[in-house]
Every structure is written in structure tokens, then in C-alpha cells.
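In what follows, chains carry the letters A, B, and so on, assigned in the order in which the sequence lines appear, proteins first and then strands, with residues in each chain numbered from 1. Keep in mind that this is a model prediction, so the values were computed, not measured.
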Amino acid sequence: MYENLNDQEKRRLEELELLEQKGINVYPYTFAKSHNAKFILDTYNDEAPEILNDVAIAGRIMSIRRMGKASFFHIQDESGKIQIYLRKDDIPDTYDNLKLLDIGDIIGIKGYAFRTKMGEVSVHSKEFEILCKSLRILPIPKEEKDEEGNITIHDAFADKEARYRKRYLDLIVNPKIKSTFAKRSKVISTMRRYFEDQGWLEVETPILQPIYGGASAKPFMTHHNALDIPLYLRIADELYLKRLIVGGFEGVFEISKNFRNEGMDKMHNPEFTAMEIYVAYKDYNWMMEMTETLLNLLSKTINNTDQLEYDGNEISLALPFRRAKMFDLFKEYTGKDLLGLGKEELQAICKELDVQVDPKAGVMKLLDEIFSVKVQPNLIQPTFVIDYPLEMSPLAKKHRTDEGLVERFELYVSGFEVANAFSELNDPRDQRQRLEEQALFRADGDEEAMIVDEDFLYSLEVGMPPTSGLGVGIDRLVMILTGERSIRDVLLFPQMKPEKTV
RNA sequence: GAUCUAGUAGCUCAGGGGUAGAGCAUUUGACUUUUAAUCAAAGGGCCGUAGGUUCAAAUCCUACCUGGAUCACCA
């Protein structure tokens with residue numbers, strides 16, 4: 001049954017069997033915890049230790065120091081670590097069973113809190129109970145505390161591959177990362193509550209879609225056996241959420257996974273969490289205010305401040321955020337007015353600016369390239385980039401005054417995109433024309449161009465009120481708010497190449 | 001996809017053609033307020049995988065596998 005065990009693991013299995021031979025249930029059903037570690041450490045009072053005279057705590061053994069007839073363990077629960085003290089005099093019948101415990105086992109302790117001679121608040125155990133035996137070895141680091149209380153970690157479990165593949169080990173031995181995921185959870189719950197408070201409705205739309213759309217991306221494909229049809233995993237929620245605005249909801253949002261069959265790097269995971277929201281009778285100006293208010297709220301809720309540090313930069317999420325027209329930013333960072341320029345002119349400018357481009361690239365691609373290289377890295381402080389060229393944005397409404405542009409913004413923080421929003425295109429004639437253009441790009445070999453979705457067009461023909469929509473990349477937002485540089489560090493289980501044993 | 005770089009004990013790493021190394025972890029013994037506990041002794045390895053060069057390969061060469069970094073692709 002267990003064949004590839006090393007000597008340490010075999011010994012643990014033997015210990016488990018020994019405990020069972022003594023009639024001990026190594027995997028019992030419950031344990032009545034009364035406190036967690038942090039509570040005891042926070043509330044222990046040398047003047048009145050009796051208030052913690054009767055505590056029951058449980059956790060995973062993280063260190064063992066046996067001293068003959070007395071032992072010190074550290075156990076770790078969700079809140080943190082606490083030391084426990086066990087003495088043969090207190091538990092003469094079971095003390096020897098401690099020898100059959102290892103780092104990684106989970107135990108329950110009943111006893112009282114006290115402070116040791118060395119000054120550490122601990123729990124003096126009157127009873128202990130095994131709650132789970134661990135058969136595998138944890139990569140436990142050693143912590144050294146100097147006289148000022150500074151902790152130095154030795155032999156940290158730092159191998160990124162191992163940490164991502166075995167996240168449970170990472171969480172056990174690097175408990176600090178828990179706070180990243182607690183913050184992630186709080187970002188989502190705060191956002192959800194904010195939207196609900198405005199009266200907007202959280203909805204769920206299909207992940208399996210016969211026609212995918214709402215973004216320029218390559219999809220994952222699957223197959224439904226009973227219907228014998230291909231289905232695609234969604235790349236965006238947009239087209240379904242807009243149908244709901246057509247249906248009469250005036251504010252809908254969805255927080256969900258999207259899937260894109262593209263490259264992976266520290267900004268991209270094949271599945272990622274997006275929040276999309278659509279609000280009727282609003283435009284992108286209103287949406288900018290909502291977005292900056294939301295981000296400011298999130299930062300204050302998660303980090304208690306609207307200031308943050310990311311990638312060595314001090315970033316202020318104080319209101320309002322900067323708004324800058326895309327073509328003004330081009331002027332600012334390249335010194336050139338690119339508005340209305342053709343392909344040859346842009347190619348010449350790329351050469352002059354030393355921006356490498358594909359010779360086949362069209363006007364949009366050239367603009368995009370110049371933007372990514374010359375403008376984007378400068379957008380450290382939160383900046384709404386507004387008013388994009390029409391061809392870049394097939395679902396956005398034409399600008400009310402500027403020919404050739406659409407009412408769109410993208411929010412950049414620390415040089416990367418966090419949010420994307422439009423005044424949504426609701427003229428069905430214009431929408432049909434734009435999607436048909438996409439179909440031409442597609443026929444021309446652009447795998448990411450959008451597909452004509454007749455039912456979506458039908459819904460616009462039924463009529464969608466003026467609407468503004470926003471999409472936020474939750475993973476990137478969490479990166480910003482937690483200071484993490486890689487998307488893998490804000491995903492509990494990032495996608496990895498399968499391990500091959502060749 | 002390209003380039004660079006890494007893979008050696010459970011963990012963190014050293015070794016760079018000639019007997020496989022350290023610290024921690026583990027085992028045994030001592031120790032009833034220790035805390036990187038300490039002291040004494042012991043066990044533990046397909047040196048990522050497969051080929052090649054060589055009298056001899058963890059070490060040199062080639063390919064592959066799996067990471068990391070940078071770039072490319074990509075909202």
C-alpha cells in the first residue's frame with residue numbers, strides 16, 4: 001500500500017500502528033477547541049493569568065524540544081503558533097506516547113496559560129490528544145530570534161515550483177502567505193458588498209458557451225457529448241451581461257473565472273478571475289468615478305490606507321485619479337501627435353522611436369505597440385487612459401464628439417492594466433458592422449478577432465438602454481494591493497506544467 | 001516559442017574527472033522552564049532522465065524533463 005516511503009516516512013507509519021496497538025484512535029472525530037493561539041497570546045495577563053486557566057487548543061506540531069521528563073512543543077493553528085509545555089508529572093500515563101509524535105502531527109491540548117522563565121506565553125498541558133498523525137515530512141524552516149526579537153529564517157521552504165505544486169505545504173510552513181489570500185478574499189467580499197449596497201444584482205452566466213465573445217482572445221474548446229456540439233470556455237462575461245441589461249436589470253455584476261488559451265507568465269494564468277459590471281443609464285465618465293471610488297475603498301479596507309508601495313514605487317490611490325486621453329499621452333511621452341496617422345507614417349515613427357514592430361502590423365497594432373513601449377511603463381500612479389481608437393474597441397460606443405474614437409477607458413496602475421470600461425455600444429446597426437469587420441479580420445487569419453453573435457445582436461435590436469460596463473482583473477488588482485509581483489503568488493493553485501516521470 | 005540559468009539526503013545548500021559532503025531534520029542515549037535547546041553516537045543518496053566521451057563521470061558533451069529570469073506572443 002505504501003511502497004515508496006523513505007525511512008522517516010516508514011517510521012511514522014510504524015508509530016501510527018504502535019499508537020493504534022495501544023488502543024488510541026489516531027484519527028478521532030472532533031475536538032472541542034476553546035481558544036486559538038493568537039487569542040491566548042494577545043489576552044494573557046501576568047496580573048491575572050487565571051482568566052486563561054482552562055483552555056483547549058489544537059494545532060499542528062511545528063517543533064519539538066524534548067528534555068527528558070519535560071517537553072516543549074510549538075503548535076500552529078490558523079491564527080499562529082503557540083508553545084505548549086508537557087511534563088511527565090502531569091501526565092504520567094501518556095507522557096511516553098509523546099515519543100510517537102512527530103512534527104506535522106495535529107494534537108489537541110487542555111491546560112492553562114502561563115509565562116515560562118524565558119518569557120514566552122505558553123500553555124501548560126494537563127491532557128493531550130492526538131487528532132491526526134502525519135505520514136509525510138514537512139519542510140519546516142528554523143526560526144532564530146535574536147535579543148531584539150528579530151526573526152531570522154533558516155532553510156526556508158523557498159523552492160517556487162514546490163511551493164506552487166504543494167500549496168498546502170507552503171501554507172503550513174510559510175504561514176505569512178495566508179495573509180495574501182485573506183486579503184484576496186476581502187477584496188472580493190468588499191467589492192461584492194459595495195455593489196450590493198448600490199442595489200446591483202450578482203448573477204451567473206454560462207461558462208460553457210456555444211459562441212464565445214466579449215474579448216479578443218483564444219478560447220479553450222470542449223465538447224458536449226449528448227448535444228454533440230463544440231462548446232467554448234468563456235473568455236469574458238460581457239455579451240451575456242448585456243443581454244441581462246436588455247432584459248430589464250439595471251445593474252448586474254459577475255465575479256467569475258475566465259479562460260484564455262494563451263501564454264503563461266507572471267501576469268497571465270490560463271484561468272483568471274474577472275469582475276464585470278454593467279449599469280444602465282450611465283456612461284464611462286460615471287464609471288470612472290465609480291471605479292476610483294471602489295479602488296480607494298478597497299485599499300482602505302484591505303490595507304487601512306490609500307497609499308501603497310509596489311515594485312519600489314510609492315503609489316497613491318487618493319481621489320481623484322488622473323485622467324488622460326490616449327493621444328495626449330502619446331504626445332506627452334513621444335512628443336508626437338499620432339491622431340489620424342496612417343500605417344506608413346506610424347511605421348516611420350516606430351523606427352524613429354526605436355520601437356520594434358512586425359512589418360505586417362496594421363495601424364491598431366502599431367499604436368498598441370508604441371503605447372506599450374513608450375507610454376504604459378510611465379503610468380505608475382493610477383491613470384485612466386481614455387478615448388481609444390474605434391478599431392481597437394469593437395464593443396464600445398463612438399465618442400460623442402471625437403471622430404474615430406470611442407468612449408473607453410483603461411485604468412493603469414504601476415504600468416499595468418487593472419480595469420477596462422466603455423460607454424457600451426447599443427446601436428445595433430453599428431454593432432453589427434463592427435462585428436462583421438471582426439469577422440473579416442478573422443477570415444484574414446486573426447485568431448483572436450471576435451465572432452458575430454447573432455443572438456447578441458438580436459438583443460441589441462430589441463434595445464439596450466444607454467449603459468456603461470467595467471471589467472476588472474481581480475488577480476492583478478490583488479497583486480497591486482498585496483505587493484506581489486507574480487500572478488502565481490496571488491493564486492492558491494496556479495496552473496503548472498504537469499510533472500512527467502520519464 | 002527564444003536565450004540565459006538551475007536541478008546533489010526530508011529541507012537549505014557546498015563540491016566541478018579518481019571512496020558522496022555540511023547544517024538542520026531523523027534514529028538511539030542523557031536531560032522536569034526549553035526555544036536555531038544542548039551533549040554523545042548512528043542511519044540516510046539512481047548527484048533530474050537517457051545517451052555519449054573516458055581506464056574512470058555528480059563533475060565534460062548531446063538530447064530530453066521540470067523550474068526560475070529575460071524577451072517574444074498576449075487584454
Quick one: which residue pairs count as a ring-ring contact (aromatic ring centres under 6.0 Å, His included) with a foot in residues 84-103 of chain A, not counting sequence neighbours? A:F72-A:Y85, A:Y85-A:F114, A:Y85-A:H124
Protein N or O to nucleotides 1-11 of chain B N or O, pairs below 3.5 Å:
{"unit_1": "B:C11", "atom_1": "O2'", "unit_2": "A:D155", "atom_2": "O", "d": "3.4"}

Contact list for RNA chain B against residues 407-418 of chain A - heavy-atom distance below 4.0 Å: A:R408, A:E410, A:Y412, A:E417
List in numerical order all residues of residues 72-95 of chain A for which some heavy atom is under 4.0 Å away from an atom belonging to RNA chain B. A:F72, A:H74, A:Q83, A:Y85, A:R87, A:D89
Do A:S63 and B:U35 have a side chain to base donor-acceptor pair shorter than 3.5 Å?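 No, the side chain and the base share no sub-3.5 Å donor-acceptor pair.
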Requiring both pairing distances under 3.5 angstrom, list the stems that contain RNA chain B and are made of three or more consecutive Watson-Crick or G-U pairs.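 Correct response: B:1-7 with B:65-71, B:10-13 with B:21-24, B:26-30 with B:38-42, B:48-52 with B:60-64.
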If you restrict it to nitrogen or oxygen atoms, what contacts under 3.5 Å exist between nucleotides 70-73 of chain B and the protein, and what is each distance?
{"unit_1": "B:U70", "atom_1": "OP1", "unit_2": "A:K266", "atom_2": "NZ", "d": "3.2"}
{"unit_1": "B:C73", "atom_1": "N4", "unit_2": "A:D265", "atom_2": "OD2", "d": "3.4"}

side-chain hydrogen bond (donor to acceptor under 3.5 Å, both in side chains) contacts touching residues 381-397 of chain A (sequence neighbours left out):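 Non-adjacent pairs meeting side-chain hydrogen bond (donor to acceptor under 3.5 Å, both in side chains): A:Y284-A:D387, A:D387-A:H399, A:Y388-A:E410, A:S393-A:R408, A:K397-A:N426.
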Pairs where [range] contributes a residue and the test salt bridge (Lys or Arg N to Asp or Glu O under 4.0 Å) is met, not counting sequence neighbours:
{"range": "residues 411-426 of chain A", "value": "A:K242-A:E424"}
{"range": "residues 114-128 of chain A", "value": "A:D46-A:R115, A:D90-A:K126"}
{"range": "residues 49-64 of chain A", "value": "none"}

Just to verify, what does A:S63 make a side-chain hydrogen bond (donor to acceptor under 3.5 Å, both in side chains) with, not counting sequence neighbours? A:H74
Would you mind classifying the nucleic acid contact of A:R66 as base, sugar-phosphate or nothing, using non-hydrogen atoms under 4.0 angstrom?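 It contacts base atoms.
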A:Y240: what forms a ring pair (Phe, Tyr, Trp, His ring centres under 6.0 Å) with it, not counting sequence neighbours?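 Here no residue qualifies.
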Of all the choices, B:U33, B:G29, B:U34, which nucleotide is nearest to the side chain of A:K117 once you look at every atom? B:U33
